[in-house]
Chemist: 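Quick one: structure below, then a few questions.
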Amino acid sequence: MSHKIAPSILAADFGNLQRDCEMVNNSQADWFHIDVMDGVFVPNISYGMPVISAINKHAEKTLDVHLMIVDPDRYIKTFKEIGADVLTVHYEACTHLHRTLQAIKNEGMKAGVALNPHTSVHLLSDVLKDLDLVCIMSVNPGFGGQSFIENTYNKVKQLSILRKESGANFLIEIDGGVGTANARKLLDAGADVLVAGSFVFKSDNPTQTIADLKAV
Ligand code: DX5
Ligand code: ZN
C-alpha cells in the first residue's frame with residue numbers, strides 16, 4: 001500500500017477555504033487533516049464545529065480530525081455529525097483512553113491517538129489492538145510551520161516494531177514539519193500517513209507539492 005498524504009488545512013487560506021478544499025479534492029492527496037485546538041491543551045485556538053462543517057461541504061476525501069483539546073469525550077458525537085471519518089485524541093488529554101477509543105469506534109469512526117514529542121510509544125502497548133491510527137507529533141502541537149524534531153525517526157521505528165510484534169494493524173501518521181526532505185526517511189522508518197501544512201500551502205504550486213510528497 002502506498003503512503004497517504006494529508007494536507008493540513010490549518011495552513012490553508014481561510015478566506016478561500018472552498019478554493020483550497022477543491023485544490024485538495026483535485027490533487028493526489030488522500031485525506032484532509034483538520035486541527036482542532038482549544039487554547040487549553042495547546043497554547044493556540046484554531047477553529048471549531050462551524051468551520052469543519054463548511055469544510056465537510058466541499059471536501060470529497062476522508063476527514064482526519066486531530067483534536068488538541070482537553071476532555072475530548074464531550075464532543076465525540078458532534079464530530080461524527082459534522083463529518084469526521086478518523087478522530088484522533090491526545091494520549092496526554094485522556095484519563096480513560098481505552099473508553100474514549102471505544103466511544104469513537106461506537107460512533108462509526110476510526111480511532112486514533114496522538115503522542116506529544118515527549119510521550120513514549122511504549123505507553124500504548126496495552127491498547128495497540130484498539131487503535132486504527134497513531135499520530136506521532138514531530139513538533140510540539142499548537143502551531144503550524146515549526147521545525148521537525150529529529151527524535152521522531154526513533155519513535156516511528158519503535159512503534160513499527162511494537163506493531164509488528166503485536167500483530168496490530170493501525171496506521172502510523174507523522175504530524176509537524178514534514179516535507180520532501182524528511183518524507184523518505186519517515187516512510188522507511190514505518191510511517192503510513194504524512195501530514196503536511198506549510199510545506200503544501202505555502203508552496204508556489206500546492207497541487208504539485210502534494211504530488212511530490214506522494215511520489216517520494
Ligand atoms: C500542529 C498541527 C499540525 C500542523 C502541521 O499542532 O497538529 O497538523 O498543521 O503543520 P506544518 O506541516 O506546517 O508543521
Ligand atoms: Zn495535526
Side-chain angles (χ1 to χ4, degrees), residues 3-14 17 20-21 23-24 27 29-48 51-52 55 59 61-70 72 75 79 84-94 104 109-119 132-153 155-156 171-187 191-204 206 209-210 212-214 216:
H3 61 280
K4 296 185 194 303
I5 303 301
S8 176
I9 297 302
L10 188 65
D13 176 354
F14 295 152
L17 209 41
D20 284 359
C21 286
M23 183 283 292
V24 174
S27 75
D30 299 274
W31 291 358
F32 283 76
H33 185 80
I34 315 272
D35 289 307
V36 181
M37 304 177 182
D38 66 356
V40 178
F41 180 67
V42 288
N44 194 12
I45 298 176
S46 56
Y47 43 72
V51 173
I52 298 171
I55 293 169
K61 295 178 178 178
T62 295
L63 292 198
D64 171 36
V65 178
H66 174 194
L67 301 183
M68 285 159 274
I69 66 174
V70 296
Y75 301 115
F79 282 108
D85 298 297
V86 182
L87 194 64
T88 296
V89 296
H90 262 266
Y91 176 87
E92 303 82 7
C94 293
I104 294 171
M109 295 177 284
K110 300 281 186 202
V113 63
L115 302 179
N116 277 343
H118 73 278
T119 304
D132 296 305
L133 176 140
V134 177
C135 174
I136 301 212
M137 292 307 302
S138 36
V139 298
N140 283 294
F143 302 92
Q146 304 181 81
S147 333
F148 180 84
I149 296 172
E150 295 287 320
N151 184 52
T152 305
Y153 300 117
K155 291 181 75 170
V156 180
L171 296 173
I172 301 178
E173 176 177 73
I174 315 299
D175 188 8
V178 173
T180 44
N182 50 20
R184 175 41 47 204
K185 207 167 157 189
L186 289 166
L187 297 172
D192 306 292
V193 185
L194 302 177
V195 174
S198 321
F199 189 74
V200 167
F201 287 99
K202 309 296 179 216
S203 71
D204 290 340
T209 303
I210 292 168
D212 293 346
L213 283 167
K214 190 73 183 172
V216 160

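Counting starts at 1 for both ligands and their atoms, following the listed order. None of the values given here were measured: they were computed from a predicted structure.
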Chemist: Can you sort out which atoms of ligand 1 are near Gly144, meaning under 4.0 Å from one of its heavy atoms?
Modeler: 10 (O), 13 (O)

Chemist: Angle at the Zn ion (ligand 2) between NE2 of His33 and OD2 of Asp175, to 10°?
Modeler: 100°

Chemist: With side chains defined as the heavy atoms from C-beta onward, is the minimum distance between Leu213 and Phe199 less than 4.5 Å?
Modeler: yes

Chemist: Side chain, backbone, both or neither: which part of Ala196 comes within less than 4.0 Å of ligand 1 when only heavy atoms are counted?
Modeler: backbone

Chemist: Does at least one non-hydrogen atom of Phe199 fall below 4.0 angstrom from an atom of ligand 1?
Modeler: no

Chemist: Taking 4.0 angstrom as the limit and counting only heavy atoms of Gly145, give me the atoms of ligand 1 inside it, by number and element.
Modeler: 11 (P), 13 (O), 14 (O)

Chemist: Could you report the tightest heavy-atom contact between Val178 and Leu186, atom names first, then the distance?
Modeler: CG2-CD1, 4.2 Å

Chemist: Is there side-chain contact between Ile149 and Asn140, with at least one heavy-atom pair below 4.5 Å?
Modeler: yes

Chemist: At what distance is the nearest protein heavy atom to atom 1 (C) of ligand 1, and which residue and atom is it?
Modeler: Phe143 O, 3.5 Å

Chemist: Yes or no: does Gly142 have any heavy atom under 4.0 Å from an atom of ligand 1?
Modeler: yes

Chemist: Is there a side chain to side chain contact (heavy atoms under 4.5 Å, CB included) between Asp20 and Phe14 once you walk through the steps?
Modeler: CA-CA 9 Å; Asp20 284 359; Phe14 295 152; over 6 Å; no

Chemist: So what does the Asp35 OD1 - the Zn ion (ligand 2) - His66 ND1 angle come to, to 10°?
Modeler: 90°

Chemist: Are a donor atom and an acceptor atom from the side chains of Thr152 and Ser138 found within less than 3.5 Å of each other?
Modeler: no

Chemist: Is the Zn ion (ligand 2) less than 2.8 Å from at least one N/O/S atom of Cys135?
Modeler: no

Chemist: Hey, is ligand 1 close enough to Gln146 that some N/O pair sits below 3.5 Å?
Modeler: no

Chemist: In the protein, what heavy atom is nearest to atom 12 (O) of ligand 1, and what distance, to one decimal place, separates them?
Modeler: Gly197 N, 2.8 Å

Chemist: Calculate, to the nearest 0.5 Å, the distance between atoms CD1 and OG1 belonging to Ile104 and Thr88 respectively.
Modeler: 7.5 Å

Chemist: Counting each atom of ligand 1 from 1 as listed, which ones have a heavy atom of Gly177 under 4.0 Å away?
Modeler: 11 (P), 12 (O), 14 (O)

Chemist: Give a yes-or-no answer on whether the side chains of His33 and Asp35 include a donor-acceptor pair shorter than 3.5 Å.
Modeler: yes

Chemist: Have a look at Asp30 and tell me which of Lys214, Lys61, His3, Lys4 forms a side chain to side chain donor-acceptor pair (under 3.5 Å) with it.
Modeler: Lys214

Chemist: Does Met37 have a heavy atom less than 4.0 Å from any atom of ligand 1?
Modeler: yes

Chemist: What atoms of ligand 1 come within less than 4.0 Å of a heavy atom belonging to Ser198?
Modeler: 11 (P), 12 (O), 13 (O)

Chemist: Could you go step by step and tell me if Val24 and Trp31 meet the side chain to side chain contact (heavy atoms under 4.5 Å, CB included) rule?
Modeler: CA-CA 8 Å; Val24 174; Trp31 291 358; over 6 Å; no

Chemist: As an exercise, identify every atom of ligand 1 less than 4.0 angstrom from a heavy atom of Pro141.
Modeler: 6 (O)

Chemist: Heavy atom to atom 9 (O) of ligand 1, shortest distance: which of Ala114, Ser8, Gly179 holds it?
Modeler: Ser8

Chemist: Is there a donor-acceptor contact under 3.5 Å from the side chain of Asn182 to the main chain of Gly177?
Modeler: yes

Chemist: Does Tyr75 have more than 12 heavy atoms from other residues, nucleotides or ligands lying within 6.0 Å of its OH?
Modeler: no

Chemist: Give the minimum heavy-atom separation between Ser27 and Ile210, together with the two atoms involved.
Modeler: OG-CD1, 3.5 Å

Chemist: Would you please test Val36 and Ile52 for side chain to side chain contact (heavy atoms under 4.5 Å, CB included) and show each step?
Modeler: CA-CA 9 Å; Val36 181; Ile52 298 171; 3.6 Å; yes

Chemist: Name the option, out of Val195, Asn44, Asn140, Asp35, that contains the heavy atom nearest to atom 4 (C) of ligand 1.
Modeler: Asp35

Chemist: Find all atoms of ligand 1 within a distance of less than 4.0 Å from any non-hydrogen atom belonging to Leu10, and give their numbers and elements.
Modeler: 9 (O)

Chemist: Write out the residue and atom name of the closest protein heavy atom to atom 5 (C) of ligand 1, then the distance separating them to 0.1 Å.
Modeler: Asp175 OD1, 3.6 Å

Chemist: Which atoms from ligand 1 have a heavy atom of His66 less than 4.0 Å away?
Modeler: 7 (O)

Chemist: Which ligand 1 atoms does Met137 reach within 4.0 Å, using its non-hydrogen atoms?
Modeler: 7 (O)

